[in-house]
Amino acid sequence: MICLLSNQIVEEIGPRMLEMLIIGNIIHCINFSEVQLIQNGYVLVKNGKIAEIGSSLPNQTEGSIVIHLTNSQILIPGLIDTHIHAPQYPNVGLGSDKTLLDWLLTYTYPTEAKYKDLVYSNTVYSALVRKTIAYGTTTACYFGSLFRESTLILTDAIIKYGQRALVGKINMILLAPDNYIESREKSISETRQFISDIKSKQNELILPVITPRFALSVDTDLMLQLAKIAKEEDVHIQSHISENIDEINSVQEQYKTDYATAYDNGGMLTNKTIMAHGIHLTDAELKLFKERGTSLSHCPASNTFLKSGLCDIRRIQKYEINVGLGTDVSGGASPSIIDAMRADLLQLLMP
Ligand code: GUN
Ligand code: FE
């Protein structure tokens, strides 16, 4: 649910302790395919959770903060960003002069390398989490940086401001600058430690996610070890796939196979995996996605900003693959999922 209270009120009262009644026009998702419009209805929130949704007012409202929506306001369910790079927030709007592989080396890796600094991490991550919540993102699937401690600071900001999230420390052992790369051994040990750190927080809203950056940053051996951890720990996996033609050609060269098979040979395609982009996936690769139950994060704003191509999402949906929307900050230049919707709409209108 997108909360209309200011951050200040939420901070003063505490996001989990609010009891409030919101009265007005409400859009309610019964499930992923059914949406209900309730005119002049209400949502009652108790202890930070939705207790009731209805069309005639409840009797017991004493002690609640009551908010009356105007006729031009609609309360909608919280938005989900299925792919966002938290450390890239300072780069939003930067880099449209490059395509993916040059963009990573010129802008992205140098920015992400700064997150060794934990004070800097806290400043950026607190601002980003507050911003995404202000834009209505109540759930996000975050890529952190290479650094475990810094990614834990991201997690603490998410917990402080009350978002639901999957959070990943990225794995990157190849094709990166000396100040932003890790050894195979450290990649494994830090991933195990990160999962344990997150689980020990015992926060029901936060899950760790195994996050190999993309196929060019890892190899089959590392992927197999990460797949083993994912299975043992029962955690999600996220990465990028088939975003850019040069990237796809490099994957073919490195793995001697297509992109989806390269990931599948490393055990990365599971029913708890979310792959971003998938613009250029072939029919055979989409069939493999369907067989493995792997989901796709569609990032339309990023696909045009980095000139990666237009993703024919209707073709992908014919394979009955689950698709969500992602901002892909800073491939996408806005942390708002509503902006990602607008970008997608423009693409759907194209001939
Ligand atoms: N592929 C590998 N890393 C990245 C990244 O940070 N952003 C995008 N859009 N694609 C990637
Ligand atoms: Fe991305």
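Keep in mind the model is a prediction, meaning the values are calculated, not measured. One-based numbering, in listed order, for ligands and for the atoms of each.
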Are any N, O or S atoms from H240 nearer to the Fe ion (ligand 2) than 2.8 Å?
yes

Mark up the atoms of ligand 1 that fall under 4.0 Å of a heavy atom belonging to H85, in ascending order.
5 (C), 6 (O), 7 (N)

Is any NZ, NE, NH1 or NH2 atom of the basic residue among E291 and K287 found under 4.0 Å from an Asp or Glu carboxylate oxygen of the other?
no

May I ask you to check whether D328 brings an N, O or S atom to under 2.8 Å from the Fe ion (ligand 2)?
yes

Any side-chain donor near an acceptor of the partner, S330 and Y89, under 3.5 Å
no

Determine whether the side chain, the backbone, both or neither of L216 has a heavy atom under 4.0 Å from any heavy atom of ligand 1.
neither

So, Y259 versus Q252: side-chain donor-acceptor pair below 3.5 Å or not?
no

State whether the shortest distance between N or O atoms of E243 and N or O atoms of ligand 1 falls below 3.5 angstrom.
yes

Please state whether the separation between the Fe ion (ligand 2) and some N/O/S atom of H85 is under 2.8 Å?
yes

Heavy atom of H277, distance to ligand 1 below 4.0 Å
yes

Do the two ring centres, one from Y120 and one from Y125, sit under 6.0 Å apart?
no

Residue, atom and distance of the protein heavy atom nearest atom 3 (N) of ligand 1 read R213 NE, 2.8 Å

Does the N or O separation between Q88 and ligand 1 drop below 3.5 Å for any pair?
yes

K201 NZ: over 12 foreign heavy atoms closer than 6.0 Å
yes

Fit a plane to each ring of F214 and H240, take the angle between them on a 0 to 90° scale, and name the class: parallel (under 30°), tilted (30 to 60°) or perpendicular (over 60°).
perpendicular

Are H83 and H298 close enough that a side-chain donor and a side-chain acceptor fall under 3.5 Å?
no

Contact check, W103 vs ligand 1, heavy-atom distance below 4.0 Å
yes

Can a side-chain donor-acceptor contact be found between T220 and N265 if the only test is distance below 3.5 angstrom?
no

Mind checking whether D328 has an N or O less than 3.5 Å away from an N or O of ligand 1?
yes

